[in-house]
Amino acid sequence: MGLFFGICAGIAGANCTLIPIKLLNKYDPRLVCGWAMLLGSLPIQPIVVIDTPHININPTLIFELIFITIVGTMIAYLFYVASLNYLEPAVTGTLSSFEPLTAAILSISFLHLKLTFVEVIGGLLILMMAFVQALPQKNKLE
């Protein structure tokens, strides 16, 4: 299951980088981001409504949901999509691979998270992948 979902996540990540490029040449990144989030949320909406347990709604929960939605999702994805106007898709994809590593470092720093051996290996694999992608490749036609 992990391998299946890992491959699906890789395909989704590549699509998030490659699909918006033509749209960004014609439309504002905010418009592309907004439509992507709206259309991406519609297919999952029935599952969320049916499977969501009843929760006690309070002002703190509302603030947390709004903050995560706006700062953690909308603004982050908007910056990601807007970066495609300035960077090559391969560079943007490589830089986005550091997100889990950054989240782990921040969790260690601020939340005092203790990493397991498997998590350390995962972080090293992320770094290794980024360095391998950064290696210059020889053109086979030369």
Side-chain angles (χ1 to χ4, degrees), residues 1-140:
M1 287 297 285
L3 181 62
F4 170 75
F5 284 111
I7 291 170
C8 288
I11 292 169
N15 284 333
C16 287
T17 303
L18 298 175
I19 290 174
I21 292 174
K22 288 184 181 179
L23 293 171
L24 290 171
N25 291 332
K26 189 173 183 181
Y27 301 107
D28 185 71
R30 293 173 293 180
L31 186 63
V32 173
C33 183
W35 276 105
M37 291 191 160
L38 176 66
L39 294 176
S41 68
L42 290 178
I44 199 87
Q45 189 62 34
I47 297 169
V48 172
V49 171
I50 292 170
D51 285 349
T52 302
H54 296 288
I55 55 174
N56 295 328
I57 298 176
N58 58 48
T60 303
L61 178 65
I62 292 171
F63 171 76
E64 290 168 348
L65 288 172
I66 291 171
F67 182 82
I68 289 169
T69 302
I70 292 174
V71 176
T73 306
M74 280 179 27
I75 293 176
Y77 186 66
L78 177 62
F79 286 163
Y80 180 80
V81 169
S83 73
L84 293 170
N85 283 329
Y86 306 102
L87 300 172
E88 292 293 322
V91 174
T92 304
T94 301
L95 291 175
S96 72
S97 69
F98 285 103
E99 187 273 331
L101 192 60
T102 305
I105 291 169
L106 291 174
S107 296
I108 292 167
S109 302
F110 295 111
L111 303 176
H112 308 293
L113 175 74
K114 303 289 186 219
L115 290 182
T116 65
F117 177 73
V118 173
E119 292 166 333
V120 171
I121 295 298
L124 292 173
L125 288 173
I126 290 171
L127 289 172
M128 186 176 70
M129 181 272 316
F131 288 122
V132 167
Q133 284 185 333
L135 291 174
Q137 296 181 3
K138 293 183 181 181
N139 190 349
K140 292 183 180 182

Ignoring hydrogens and geometry, is there a side-chain-to-backbone donor-acceptor pair from T69 to M74 under 3.5 Å? no

Tell me the closest heavy-atom pair linking P20 and N15, and the distance in Å. CD-O, 3.7 Å

For the residue pair K114 and E119, what are the closest heavy atoms and their distance? O-OE1, 4.0 Å

Any idea which heavy atoms bring L87 and T92 closest together, and the distance? CB-OG1, 3.5 Å

In this structure, CD1 of I21 is separated from CG of N25 (nearest 0.5 Å) by 8.0 Å

With side chain to side chain contact (heavy atoms under 4.5 Å, CB included) as the test, pick out the partner of I62 among N58, T60, L65, I66. I66

Rounded to the nearest 0.5 Å, what's the gap from CG on L24 to CD1 on I19? Could you check? 12.0 Å

How far does CG of L18 sit from CG of L84, to the nearest 0.5 angstrom? 8.5 Å

Taking atom CD1 of I7 and atom CG of L3, what is their separation to the nearest 0.5 Å? 4.0 Å

Report the distance from atom SG of C33 to atom CG of L23, rounding to the nearest 0.5 Å. 12.0 Å

Scanning both residues in full, the closest heavy-atom pair of A76 with G72 reads CB-O, 3.6 Å

Out of curiosity, K26 NZ to L31 CG, how far, rounded to the nearest 0.5 Å? 11.0 Å

Could you report the tightest heavy-atom contact between Y86 and A82, atom names first, then the distance? CD1-O, 3.4 Å

Would you say T73's side chain and I70's backbone share a donor-acceptor pair under 3.5 angstrom? no

Closest heavy-atom contact between P29 and N85? CG-ND2, 3.8 Å

